[in-house]
J.: 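For reference, the structure I am asking about is given below.
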Amino acid sequence: MLITGIKSRPVYDELTPMASGLNHLAAAQGSGGKPLVRLLQAMTPDQLAATDVLYSTESFTGQNYLAELQQFKVRNLAVFTTNADAVRGLDASLADAKMGTRLYLSGSEGFIGTSMQVATSYGMNRDEVLREQAGSSARRVWCAHCGHYSENVTHRVFTCPGCELNLIVRDHYSGRLAAFQGVKADGEVPGEMPDNEELDT
Amino acid sequence: MSESQHGALKLRVKSIEAVTPEINRYTFCPADDSWLPPFSGGSHLTVLIPSEEGTKRNAYSLMSSPYDTSQYQIAVRRVDDGKGGSLAMHNNVREGDVLLAGIPANLFPVSKHARHHVFIAGGVGITPVFAQVEELSLKGSPFELHLAVRGPDHAALGCELKERFGDQVTLYGHDGQSRLNTMEILAGRPLGTHAYICGPTRMIDDVVTSAHSLGWSDANIHFERFEDLGSTGDPFSVTLARSGAVIEVSPEQSLLEAVEEAGHKLPYLCRGGACGECETEVLELDGTIDHRDDWLSESDRATCKLIMPCVSRATCTKLVINA
Amino acid sequence: MTTAPETTAFKTNETYTPEGDYQFRNSAEGVRRLPFPFPDDDYMYSMNLEPHVPAGDGALRAAFDIDEHYVSECAHRDQMLRDMPGVHYLALPHMMEAQWDLLELIFESYARDFPEQFTLTKNGNEWRWQNRLLGIDDSFTFGDPATLPMDPMEYATRQAQGEFVVLEEKDNTLVIGAGMTTQRADYSLKFNLGMSFFEFHGPVPKLHDMGILDRALKFLLRMKPGHPVRRVNWSLTVNPRLETSVETLPEWAPDRATVDSENAGEKVYLRIELQPLHRLPRSNAIVFPVRTYLVSLAELVQHAPNWAKRIHRALASLDHELVDYKGFHRYHAAAVEWLSQYDDGAPLATGYPWAPDGIQPNGQ
Ligand code: HEM
Ligand code: FES
């Protein structure tokens, strides 16, 4: 579990079967396959038979858990090569889903965030969803000045590909944009840059 | 806007109509012919009802259209063994009378994010639904209503809604046989469905149990337990240690208001139990303090050495505060 | 606090931008009517919420205050909305009802509190709105967006001073659903939209640990229509610049490096935020208006010497975390030094100026 001082960042959970659910939908990406394997191991045969899995093999760190996932007797396993496709697959599944469905998400913060946007659009609430962050602690960053989204940002200061400004990544997260905020790092005195540390949480 | 001091409304009783053997519908208009504060579906109105044993404060759901600020409607079921408020409404209040009421407040709003709304109601519980479905139908949001009544004599309000909203409304019990089955109503609903229960405690418990067994989470189940509304508390008296003044606090006022009305001063800021400004030491107490603030810690509450006069009350034979 | 708004001379050619050369100043009356936010010599965050009842004849007389800058501020809003569409005004689709609520609240309040300038005539849902300061006379159907040239919230708040953030109540918290924020103090509406009370307050130091946010939220959730509450907040801004959003930070942040102890009086502005919150009746939403007042340190010295002394002491003793958060560590010392010339150390009254025995702008 990830605990940070960032008040606006989601508090992530640990994936465990939600016994109150009648149907289960689990979507993961890359390293997120690992918590998913753990989740499926913890499920009863009945729960597995009521579970649909969506897995994207796109990964920043190169982790792939497809072979492990294929060992479980779930109702259906759908595999995608990109995260964007997996999110679209999730959208299609939720469109037909009924009350009593539980959603499990794991992977990068960006993947979880964009999947959450879809879940929210179907009126799912926090009690119906568990989220576990896995793999790289890279951040998705929204540039406050040009609106560009940068994926997989690993350092406190970086150059925005959209507007070429030096941005500092603030510890402030927007669930709606599924991104952290980047603002001009040398705003007051151009060229006077703050320390560039590695983002480790 | 029709407002007197302290945000109270003055309402003229425009008409009274018996809709079932036990239920009267009251239509109020502003006493000064201006307009009434708008409200949202699910809101209640706290009416000050004059009765032989003093003023009763009863909360009733508003059932008129939230988009009509020229009038309010409520329905009152006569409860012969209740606290007397509904009896006084039925027996003492006449067309043309002027009553005082609070500004409507909503503890039972419809969800703004629901993809579908399912109302399950019984008896006089139907009143908030009138305004709620009116609001939803104006917004074009999908809803359905399932209403159980005790028999044909009690079905008048349901029939009105059936006439207005057609197939979106299903009545049970009006023919003496059909029965409302909550499992059937709730099963197989799409994600983002919200259920609203408006009825007696037994009905609330039944629907909540069914919804849970179908895997619904609490955030999608809404209900209002009517017993909680309206009353502010019992009267008590308080002694101000410094002046020796003894002040009576009526059910309608806070301790702070009573002290101020008697010409004394206490510090305050928010008047809502949040800022801590009015914190006052309790010097003597025979009884218990009903802490209603968000300021005092659990341990402060337990020791009863402090009270927040802007919101908290006491059930006691003696209370002396350091003021 | 002596000005009656009937006698206010509304200025039309003021500007709040470097392009417009910052043509902005306050009259003596304009300064003395301000909701000065320092009740004590020491400043720290507190649960400073109180019922929003009329007080005095300054900025707290009306539910929504207007002053001599009304016309120029509305022009500035129009300019900002044209310069950066989609950045300063945003509303999520489910907020339409709250938008009408807000229009009604602003128009009714203005018409009631400033009858010489505004008239609202209702015939059922057919409404006529007259705004004599901006030369507007429009008729529309309340509740029908097709009868207005734009969203009801945009229409109403283009004719109002201050910013407006509308929050819906959801899962026991308040979530930002719409905003008209052309005068933001260093945050992004686009980023904050959809955030909950604890989330959008995330960057503020100390607030969580002081237990203020918890209590404030519980208090706000209990708010009822017809019983507004208010609080004041403040910051400092270099130059009379209203629009200081995160988005435009590259434009205004360099100004912070231009202040020294010689020019601080002219350059540094106290930015007072009066925040009267209302529960909205139909939508059950809450509106959080931020009425921003700019006043230079020099104007305070000239027209409100007691307040100048008070702000000197409050700034001198200000907690460093707050100095950093509010963004003036670079010129904090310069501002304090400049103000120190005008503080003789005489004791000052405590309490907000609108409270009995509170600190008055001048006199004993
Ligand atoms: C519900 C309406 C409210 C909204 C929309 C709101 C919004 C905000 C925002 C956007 C910020 C700036 C955060 C940032 O740096 O990104 C802020 C700061 C702050 N808020 Fe609120 N707020 C609300 C109510 C309150 C209440 C009721 C209190 C306290 C009782 C409060 C206390 C503060 C304080 C102390 C700050 C720091 C201000 C400074 O140092 O300049 N807020 N608020
Ligand atoms: S006045 Fe604020 S807690 Fe009582």
Side-chain angles (χ1 to χ4, degrees), chain B residues 1 3 6-9 34-44 46 62 65-70 102-114 131 134-136 138-141 217-220 265 267-277 292-297 310-311, chain C residues 39 46-53 92-98 100-101 104-105 108-109 112 122-125 142-144 168-172 175 177 210-231 279-285 351-352 355-356:
Chain B
M1 193 151 43
E3 242 177 86
H6 301 312
L9 303 172
S34 60
W35 65 84
L36 295 164
F39 64 97
S40 50
S43 295
H44 64 267
T46 303
L62 284 163
S65 166
Y67 286 81
D68 182 356
T69 52
S70 67
I103 294 175
N106 199 345
L107 300 177
F108 192 33
V110 294
S111 162
K112 302 264 184 295
H113 298 268
E134 186 69 33
E135 179 180 321
L136 292 174
L138 280 165
K139 284 196 274 191
S141 309
S217 71
D218 286 329
N220 294 48
K265 279 197 172 150
Y268 70 85
L269 200 55
C270 70
R271 301 180 84 96
C275 72
E277 192 70 20
R292 298 183 179 186
D293 60 277
D294 299 317
W295 175 257
L296 295 177
S297 66
C310 66
V311 288
Chain C
S46 68
M47 260 298 301
N48 56 342
L49 282 168
E50 60 181 23
H52 186 40
V53 290
L92 294 175
H94 61 268
M95 299 303 286
M96 189 47 89
E97 214 171 16
W100 286 109
D101 273 340
E104 178 175 39
L105 179 66
E108 276 187 1
S109 304
R112 181 192 59 227
K122 294 182 181 181
N123 180 4
N125 284 336
F142 184 80
D144 181 359
E168 61 163 325
E169 184 171 335
K170 194 184 167 203
D171 301 336
N172 278 319
V175 175
M210 288 172 74
I212 292 180
L213 279 187
D214 254 332
R215 292 188 179 114
L217 178 60
K218 282 187 187 147
F219 181 85
L220 297 184
L221 289 175
R222 278 199 302 263
M223 269 181 73
K224 299 210 168 104
H227 299 277
V229 300
R230 67 175 165 240
R231 64 182 294 269
R279 172 76 76 173
L280 298 175
R282 289 188 192 79
S283 57
N284 212 37
Y352 290 119

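So you know, we letter chains A, B, ... as the sequences are listed, proteins then strands, and number each from 1.
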J.: Could you tell me which non-hydrogen atom of C:P225 sits nearest to which non-hydrogen atom of B:I103, and how far apart they are?
T.: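 Looking at all heavy atoms of both residues, the closest pair is O-CG2, 3.5 Å.
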J.: Would you say B:K112's side chain and C:E169's backbone share a donor-acceptor pair under 3.5 angstrom?
T.: no
J.: Output the option from C:P51, C:S46, C:G124 having the highest count of non-hydrogen pairs under 4.5 Å with chain B.
T.: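 It is C:P51.
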J.: Counting only heavy atoms closer than 4.5 Å, note whether B:S111 contacts chain C via side chain, backbone, both or neither.
T.: neither
J.: Please determine, among B:E135, B:H113, B:R271, the option with the most heavy-atom pairs under 4.5 Å with chain C.
T.: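 Of the options given, most contacts go to B:H113.
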J.: Please determine whether the number of non-hydrogen atoms from other residues, nucleotides or ligands lying under 6.0 Å from atom NZ of C:K224 exceeds 12.
T.: no
J.: Among all residues two or more places apart in sequence or in another chain, which pass the side chain to side chain donor-acceptor pair (under 3.5 Å) test with B:D68?
T.: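 Partners of B:D68 under the side chain to side chain donor-acceptor pair (under 3.5 Å) test: B:S70.
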J.: Of all the heavy-atom pairs spanning B:S40 and C:S283, show the shortest one and how long it is.
T.: CB-N, 4.5 Å
J.: With a cut-off of under 6.0 Å to the ring centre and 45° to the axis, is C:R282 in cation-pi contact with B:Y67?
T.: yes
J.: Which atoms form the tightest heavy-atom contact between C:F219 and B:G272, and what is the distance?
T.: CE1-CA, 3.4 Å
J.: Do you know which two heavy atoms are closest between C:N48 and B:L269, and how far apart they sit?
T.: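 In terms of heavy atoms, the two residues are closest at CA-CD2, 4.0 Å.
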J.: How close do B:W295 and C:R215 get, counting heavy atoms only, and between which atoms?
T.: O-NH2, 3.1 Å
J.: Under the side chain to side chain donor-acceptor pair (under 3.5 Å) rule, collect the residues that match up with B:D218, sequence neighbours excluded.
T.: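 In terms of side chain to side chain donor-acceptor pair (under 3.5 Å), with neighbours along the sequence ignored, B:D218 is linked to B:H212.
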J.: How long is the span from the NE2 atom in C:H94 to the NZ atom in B:K139, to the nearest 0.5 Å?
T.: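 Separation between the atoms: 10.0 Å.
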J.: In Å, rounded to the nearest 0.5 Å, how long is the span from OG of B:S34 to NZ of C:K122?
T.: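 Separation between the atoms: 9.5 Å.
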J.: Taking side chain as everything from C-beta outward and backbone as N, CA, C, O, which of these in B:E277 sits under 4.5 Å from a heavy atom of chain C? Side chain, backbone, both or neither.
T.: neither
J.: Surrounding CG of C:N125 (heavy atoms of other residues, nucleotides or ligands, distance under 6.0 Å), is the total greater than 12?
T.: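 Yes, CG of C:N125 has more than 12 neighbouring heavy atoms, counting only those of other groups under 6.0 Å.
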J.: So do the side chains of B:D294 and C:R222 get within less than 4.5 Å of each other, counting heavy atoms only?
T.: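 Side-chain contact under 4.5 Å: yes.
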J.: As an exercise: rank B:G276, B:G273, B:C275 by heavy-atom pairs under 4.5 Å with chain C and give me the winner.
T.: B:C275
J.: Checking B:P66 against chain C: side chain, backbone, both or neither under 4.5 Å from a heavy atom?
T.: backbone
